[in-house]
Amino acid sequence: MFIDRYGRKITYLRISVTDRCNIRCVYCMPAEGILQSTHQAILRYEEIALIVRLAAEHGITEVRLTGGEPLVRADLPDLIRMIAGTPGIEDVSLTTNGLLLGKMAKELAEAGLRRVNVSLDTLNPERFARITRGGSLQKVLDGLDLAEVWGLLPIKINMVVMRGVNDDEMESMAQLSVTRGWHVRFIEIMPIQNQTPWGEGFPMPADTYYPIPEMIERLKEAGLQKVDDKVGSGPAVEYCLPGAFGRIGFITPVSEPFCSQCNRLRLTADGNLRPCLMSDIEVPILQTLREGGDILPLFEQAVLLKPEAHELQDQHAPAGRCMRQIGG
Ligand code: SAM
Ligand code: SF4
């Protein structure tokens, strides 16, 4: 079992399978895009499977695939099959923008994927196209329908709430927990390499921050109540609306960090173990792996380097990578 210096058990590995994406959300990457890693610099599926096997032998039970956009990497179901078949792995899930979900939901479910989190910041097609710089809302909605059909449940929707951009849709997004039974999680925007202007019609990035306590106050008017029997293991505190099957969660990295409960380790697409989303500390494992070396000591090192808490509140945002490269 991996246990860090502060007694936290590390049971969750979040793997970024690519730094590529088929859209460019304004809060995640610049309009011109970012230099992408070459195929050679990216972990191969066999290498990821080997890392997962080792991690599972040391207590990792949950794996989430992310990116970039994980569904743009070729043959992702092959990787899911390998991970889902690894002894000790109890849960394989995926965070996606949903654009390719319609095409792939069946194949993903058949490969052993249990559930999906879909990032969706608006239900307005024009606004969706503006925030994502060209994405199609309808494709995501079709993808969500098919994810339901193929049992990728429970569906969780992640909305990054931005003041003056989409905050007026909080109530309608929350209603999806009633009308569709989906879990809806509201996320505070993090100041990770996204502070240069987003383009015409957008507020200045620093003005878009919308703190969770304010979101909660606002949704109380729609009947928001705290729930005691939490269904998820994640960092979100859970709430619900009257008559809803789905839960409402708030992910509060900036105003109320959840570091004391953090059970995560991240693996970047280019083979670095990252102990904390918000810290630039990384332990490279790709070269050792390719040279046939032992990567267990590197895992142990990454676990021991896990900081007690991140420093976002002191305006210490990570500078080395943007969210697309870390995996969110
Ligand atoms: N492409 C996939 C997606 O969008 O779901 C997976 C990768 S994306 C980096 C993972 C999550 O990070 C998404 O839910 C996205 O909304 C969130 N995210 C990206 N940049 C963010 C930021 N600056 N602040 C808060 N959340 C952010
Ligand atoms: Fe791509 Fe996800 Fe970043 Fe949007 S949030 S640009 S979908 S990686």
Side-chain angles (χ1 to χ4, degrees), residues 14-34 36-37 64-73 76 93-101 104 108 115-122 128-137 139-140 143-144 147 152 155-163 165-167 173 183-196 198-199 202 205-206 208-212 215 234-236 249-255 257-258 264 266-269 274 277-278 310 312 317-319 321-328:
R14 198 171 168 111
I15 302 174
S16 172
V17 295
T18 179
D19 55 3
R20 292 169 193 238
C21 189
N22 43 0
I23 47 175
R24 299 184 197 293
C25 301
V26 288
Y27 51 79
C28 183
M29 66 168 101
E32 66 279 11
I34 295 171
Q36 292 164 341
S37 305
R64 173 171 295 275
L65 302 178
T66 179
E69 173 48 41
L71 297 185
V72 301
R73 180 142 177 199
L76 191 73
S93 59
L94 175 81
T95 298
T96 172
N97 62 31
L99 283 166
L100 294 172
L101 205 47
M104 297 181 64
L108 292 167
R115 56 202 173 89
V116 285
N117 286 14
V118 177
S119 303
L120 182 61
D121 302 320
T122 173
F128 184 88
R130 267 168 41 74
I131 293 175
T132 59
R133 300 193 179 102
S136 152
L137 173 64
K139 275 197 184 153
V140 179
L144 280 161
L152 296 173
I155 288 179
K156 293 187 184 172
I157 302 292
N158 290 347
M159 173 188 186
V160 176
V161 179
M162 294 163 277
R163 195 185 295 283
V165 177
N166 63 350
D167 57 319
M173 293 292 287
H183 299 314
V184 180
R185 290 122 47 95
F186 297 101
I187 304 177
E188 275 179 349
I189 186 160
M190 292 178 263
I192 300 187
Q193 301 223 353
N194 55 7
Q195 295 298 293
T196 51
W198 297 343
F202 283 105
T208 61
Y209 177 59
Y210 198 113
I212 298 274
M215 295 186 206
F250 297 91
I251 303 188
T252 63
V254 183
S255 66
F258 37 78
R264 298 176 176 188
R266 291 181 152 77
L267 177 64
T268 66
R274 189 169 172 112
L277 168 68
M278 296 297 171
H310 70 66
L312 255 192
R321 293 178 190 257
C322 64
M323 284 293 268
R324 174 192 64 105
Q325 294 166 309
I326 307 169

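Whatever order the structure lists ligands and atoms in, that order sets their numbers, starting from 1. This chain uses plain numbering: 1 for the first residue, then up along the sequence.
For Thr95, no nitrogen or oxygen atom sits less than 3.5 Å from a nitrogen or oxygen atom of ligand 1, counting backbone and side chain alike. Distances between N or O atoms of Thr96 and those of ligand 1 include at least one value under 3.5 Å. For ligand 1, the polar-atom distance check against Thr66 finds no nitrogen or oxygen pair separated by under 3.5 Å. Considering backbone and side-chain N/O of Arg14, none are found under 3.5 Å from N/O of ligand 1.
At least one donor-acceptor pair closer than 3.5 Å links the side chain of Arg133 to the backbone N or O of Arg24.
Close contacts between ligand 1 and Val160 involve ligand atoms 16 (O), 26 (N) [criterion: under 4.0 Å to a heavy atom]. Close approach to Asn194 involves these atoms of ligand 1, each under 4.0 Å from a residue heavy atom: 23 (N). Each of the following atoms of ligand 1 lies closer than 4.0 Å to a heavy atom of Ile189: 24 (N), 25 (C). Within the listing of ligand 1, atoms 2 (C), 3 (C), 5 (O) sit less than 4.0 angstrom from a heavy atom of Asn97. Using a 4.0 Å cut-off to heavy atoms of Glu188, the atoms of ligand 1 that qualify are 25 (C). Close approach to Asn158 involves these atoms of ligand 1, each under 4.0 Å from a residue heavy atom: 14 (O). Near Glu69, meaning under 4.0 Å from one of its heavy atoms, ligand 1 places the atoms 1 (N), 2 (C).
A heavy-atom separation below 4.0 Å is not found between Met159 and ligand 1. The shortest heavy-atom distance from Gly68 to ligand 1 is under 4.0 Å. Judged by the shortest distance from any of its heavy atoms, Gly68 lies inside the 4.0 Å radius around the atoms of ligand 2. At a 4.0 Å cut-off, at least one heavy atom of Gly67 sits close enough to ligand 1 to count as contact.
Backbone or side-chain N, O or S atoms of Cys21 do not reach atom 4 (Fe) of ligand 2 at under 2.8 Å.
With sequence neighbours left out, the salt bridge (charged side-chain N to carboxylate O under 4.0 Å, His left out) criterion links Arg163 to Glu214.
Atom 14 (O) of ligand 1 has its nearest heavy-atom neighbour, among Ser119, Cys25, Pro205, in Ser119.
A distance of 8.5 Å separates CZ of Arg266 from OG1 of Thr66, quoted to the nearest 0.5 Å. If you take CG on Asn117 and CZ on Arg64, they are separated by 4.0 Å, rounding to the nearest 0.5 Å.
Neither side chain, Thr18 nor Glu69, offers a donor N or O lying under 3.5 Å from an acceptor on the other.
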* Evaluate the criterion side chain to side chain contact (heavy atoms under 4.5 Å, CB included) for residue pair Leu120 and Leu144; output intermediate values, then yes/no. => CA-CA 10 Å; Leu120 182 61; Leu144 280 161; 4.2 Å; yes
* To do: Before giving the answer on side chain to side chain contact (heavy atoms under 4.5 Å, CB included), spell out for Val140 and Asn97 the whole-Å C-alpha distance, their side-chain angles and the decisive distance to 0.1 Å.
  => CA-CA 7 Å; Val140 179; Asn97 62 31; 5.8 Å; no
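Contact annotation: for Asn117 versus ligand 1, there are no heavy atoms closer than 4.0 Å.
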